[in-house]
**Student:** 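To start, I am sharing the structure in question, which I have written as C-alpha cells.
Atom set for the values below is all heavy atoms of this structure, side chains included, hydrogens, waters and symmetry mates excluded. Positions are given from 1 along the sequence.
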Amino acid sequence: MTGSVHEAGAIGTFDYVIVGAGSAGCVLANRLSRDPEVRVLLLESGGRDDWIWFHIPIGYLFAMGNPRADWCFRTEPEPGLNGRSIAYPRGRVLGGCSSINGMIYMRGQARDYDQWRQAGNIGWSWEDVLPYFIRAEDHARGADEFHGAGGEWRVEEMRVRWEILDAFRAAAAETGIPPTDDFNRGDNEGCGYFQVSQRRGIRWSAAKAFLRPAMSRPNLTVLTGAQADRILIDGRRASGVEFRHEGIRRRALAAGEVILAAGAVGTPHLLMLSGIGPAAHLREHGLAVVHELPGVGGNLQDHLQIRMAYRVYGTPTLNERANSLVGRIGMGLEYALFRRGPLTMAPSQLGCFARSDPSRETPDLEFHVQPLSLEAFGQPPHPFPAFTAAVCNLRPESRGVVRLKSPDPAQAPAIRPNYLSAPADRQVAVAAVRLTRRICGAPALARFRPGEFKPGPHLTTDEELLRAAGDIATTIFHPVGTCRMGGDALAVVDDRLRLHRLDGLRIADASIMPTIVSGNTNAPTMMIAEKASDMIRADRRQGVRAA
C-alpha cells in the first residue's frame with residue numbers, strides 16, 4: 001500500500017460485507033438486504049454507472065480499456081498465442097462486467113450443470129439451477145416452462161437485423177446446423193439471433209436491475225471507490241475486510257459473513273493478499289500463510305475465440321456505415337428517435353452452436369457472428385464490406401492460473417490462461433477453422449462472394465492453422481474457475497460456497513465454477529449469486545455459521 005494512505009478504525013459492524021458490486025454483488029446486495037433485520041455493506045472499487053456509455057449498448061467500445069470502467073488487466077505473454085499478451089477486460093464500476101459486456105443472455109447447457117452435480121456438488125444440477133434463472137428473469141416473450149416474466153433481469157430480442165447474418169444462418173443450416181430461436185432451454189444447438197439484456201434499446205445492467213431498487217433501504221450501505229486490500233481473520237474465522245476509501249485505510253467488521261463477489265481475477269487475488277492460498281507462492285511474496293488452500297488461483301478457464309473475417313460484395317455491413325460521416329449521423333438519429341439500429345448492437349448478433357466433431361455429445365463450439373470486421377478491438381472497421389465469424393471452444397481442457405506479482409494490493413495480478421496448452425484444444429481450434437470455412441463456402445452465402453482475409457485461404461495444413469489461431473485468437477471475456485467448488489484437495493469452496501476450513505467466508509461469483517459453462521458467463525454468474533443468497537439466508541435462519 002502507498003504511504004499516502006492514512007489509518008482509520010472500523011466504520012462499523014455489518015451482518016454481511018460483500019466485496020464487489022458486479023453482476024453477482026448487485027444480486028447479493030438486493031436479496032440479502034430484503035431482510036430489514038440485517039445490515040449489508042457493499043464495497044466497489046470502481047465508481048458509479050453515471051456515464052452515457054454505460055447505457056447506450058454500443059458503449060462497450062468506449063468502456064473496455066478505459067480505466068473509468070475497466071481494470072485494464074493484461075495477460076502474461078502466452079505461448080499458445082505465439083508469445084502475445086492480450087487485454088483482459090474486467091468491469092470496475094457499479095454493475096461490474098454487466099455494465100460493459102456484450103449483453104448476451106446465455107445460460108449454457110443442461111449438461112454443464114449436471115456434470116457439476118455428478119462431480120459431487122449437491123444442488124447444482126440443471127434441474128436445481130433452472131428455477132434461479134427463471135426467478136430473476138423478465139423475458140420479452142413472457143413466461144413458459146423455461147422462462148420467467150416479471151423478474152428484475154430483462155431479456156429482449158435484438159433490435160437490428162442484417163442480410164449477411166440471415167445468409168450465414170441459412171448457410172449454417174445447409175452445413176447441418178439447424179435454425180433455432182432460443183438458446184436457453186438446456187440444449188443450445190443451432191443458429192439464431194442472440195437475446196440480450198436490454199430494456200427498449202438501453203443496456204440493462206445488474207446495477208439497474210438489482211442494486212438501484214435496493215439503494216433506498218436503510219440497512220444497505222454502498223461504498224464506491226472502496227478498494228478491498230485484505231480479509232481480516234480472527235482465529236479460524238473471517239471477521240471483516242480492510243479497504244482503502246478516499247485515501248484512508250478503513251475496516252468493516254462482519255458479524256455474519258464476508259462474501260467475495262470480485263470475480264475470477266479479483267477474488268483469488270484478494271484471498272492471496274490475505275494470506276489464503278498456495279503456501280509456497282504466498283511465502284515467495286513475503287506473506288504469512290494464514291490459511292493454506294492450494295487451489296486458490298488455479299483452474300483458470302476461459303473461452304478463446306478465433307476471429308475469422310470475410311470480405312463480401314453486394315450487401316451492406318456496418319463497416320461502410322461506421323466509416324461514413326453520413327452513416328454515423330444516421331445511426332445516431334435512428335437510436336435517438338427509435339432506440340433501434342446499430343447503436344443497440346451487442347458485439348455479436350448471430351450465434352451458432354455446433355460440434356467440432358460428430359462424435360461430440362453436445363455442441364462444443366460457439367460462433368459469434370458480426371456484420372463488421374476490424375484489425376483489433378477498439379480499432380476502426382476495415383474500409384470495405386465484411387463480416388467476422390469468431391468461433392470458440394466451449395469446453396477447453398487448458399487450465400491457467402491467477403498469481404500475485406507483488407504483495408502490494410495496488411499491483412495487478414499475473415494472469416496466465418495457458419490458452420491452447422492442452423492437445424485437445426489445439427485439435428478443436430483447427431477443426432473450428434475448417435468448419436467455419438465449410439459454412440462460409442455454402443450456397444446461401446455464394447451470392448455475396450465471401451473472401452477470407454483473416455487468417456487467409458493460403459493456410460491449409462493443421463500446423464499452419466494452429467499457428468494462425470495463435471496469431472489472431474483472443475479472449476471472449478469469460479474467465480471462471482479460480483476458486484472452484486468441490487470436495488477434493490484443490491477445491492476452494494464446498495457446494496454451499498463456504499470456504500473450506502475457514503468460518504465466516506463465502507464466495508459467490510464465476511470463480512466457483514468447477515468447469516466453464518457452454519456459453520456466455522454473465523447469466524450463470526447471476527444465477528450463482530441468486531442461489532447463494534438463498535443458502536446464506538437459510539443458514540442464518542438455522543443458525544449455521546458459514547464454515
**Student:** May I ask you to check whether over 12 heavy atoms, not counting those of D234, lie within 6.0 Å of atom CG?
**Tutor:**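 Count not over threshold, so no.
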**Student:** For R283, what residues pass the salt bridge (charged side-chain N to carboxylate O under 4.0 Å, His left out) criterion, not counting sequence neighbours?
**Tutor:**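 Not a single residue meets the salt bridge (charged side-chain N to carboxylate O under 4.0 Å, His left out) criterion with R283.
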**Student:** Ring centres of F194 and F183 under 6.0 Å apart?
**Tutor:**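 Yes, close enough.
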**Student:** Any salt bridge linking D70 with R90? Criterion: basic side-chain nitrogen under 4.0 Å from a carboxylate oxygen.
**Tutor:**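 Judged by the 4.0 Å cut-off on N to carboxylate O distance, D70 and R90 do not form a salt bridge.
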**Student:** Compare all side-chain heavy atoms of L270 with those of I276 and state whether any distance is below 4.5 angstrom.
**Tutor:**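 Contact flag for L270/I276 side chains = no.
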**Student:** Tell me every residue that passes side-chain contact (heavy atoms from CB on, under 4.5 Å) with Q379, counting only those two or more places apart in sequence or in another chain.
**Tutor:**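 Scan of Q379 (side-chain contact (heavy atoms from CB on, under 4.5 Å), adjacent residues dropped) gives E375, A376.
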**Student:** Distance from L273 atom CG to L287 atom CG, nearest 0.5 Å?
**Tutor:**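 Rounded to the nearest 0.5 Å, the CG-CG separation comes out at 7.0 Å.
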**Student:** Between the side chains of E156 and R154, is the shortest nitrogen-to-carboxylate-oxygen separation below 4.0 Å, so that they form an ion pair?
**Tutor:**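 Counted as a salt bridge, because a side-chain N and a carboxylate O are separated by less than 4.0 Å.
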**Student:** With a cut-off of 6.0 Å (strictly less than), are more than 12 heavy atoms of other residues, nucleotides or ligands near CD of E127?
**Tutor:**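 Not more than 12 within 6.0 Å, no.
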**Student:** Kindly assign one of parallel, tilted or perpendicular to the pair F133 and W126, based on the angle between their ring planes and the thresholds 30° and 60°.
**Tutor:**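 It falls in the tilted class, 30° to 60°.
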**Student:** Salt bridge between R107 and E137, side-chain N to carboxylate O under 4.0 Å?
**Tutor:**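 Salt bridge between R107 and E137, a charged N being under 4.0 Å from a carboxylate O: yes.
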**Student:** Residues in side-chain contact (heavy atoms from CB on, under 4.5 Å) with R34, at least two apart?
**Tutor:**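 side-chain contact (heavy atoms from CB on, under 4.5 Å) list for R34, sorted by chain: N30, R31, E152, R217.
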**Student:** Using the side chain to side chain donor-acceptor pair (under 3.5 Å) criterion, which residues pair with D50? Sequence neighbours excluded.
**Tutor:**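 Counting only residues at least two positions away or on another chain, D50 forms no side chain to side chain donor-acceptor pair (under 3.5 Å).
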**Student:** Using a strict cut-off of less than 4.0 Å between a Lys/Arg side-chain nitrogen and an Asp/Glu carboxylate oxygen, indicate whether D35 and R537 qualify as a salt bridge.
**Tutor:**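 Not counted as a salt bridge, because no side-chain N and carboxylate O are separated by less than 4.0 Å.
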**Student:** What I want to find out is whether E530 reaches R135 closely enough, with some N-O distance under 4.0 Å, to be called a salt bridge.
**Tutor:**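 Counted as a salt bridge, because a side-chain N and a carboxylate O are separated by less than 4.0 Å.
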**Student:** Who pairs with R395 by salt bridge (charged side-chain N to carboxylate O under 4.0 Å, His left out), at least two apart in sequence or on another chain?
**Tutor:**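 Partners of R395 under the salt bridge (charged side-chain N to carboxylate O under 4.0 Å, His left out) test: none.
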**Student:** Below 4.0 angstrom, N of the basic side chain to O of the carboxylate: do D114 and R111 qualify?
**Tutor:**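 No, D114 and R111 are not salt-bridged.
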**Student:** Report the residues that fulfil side-chain contact (heavy atoms from CB on, under 4.5 Å) with A432, sequence neighbours left out, ordered by chain and then residue number.
**Tutor:**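 L365, V391.
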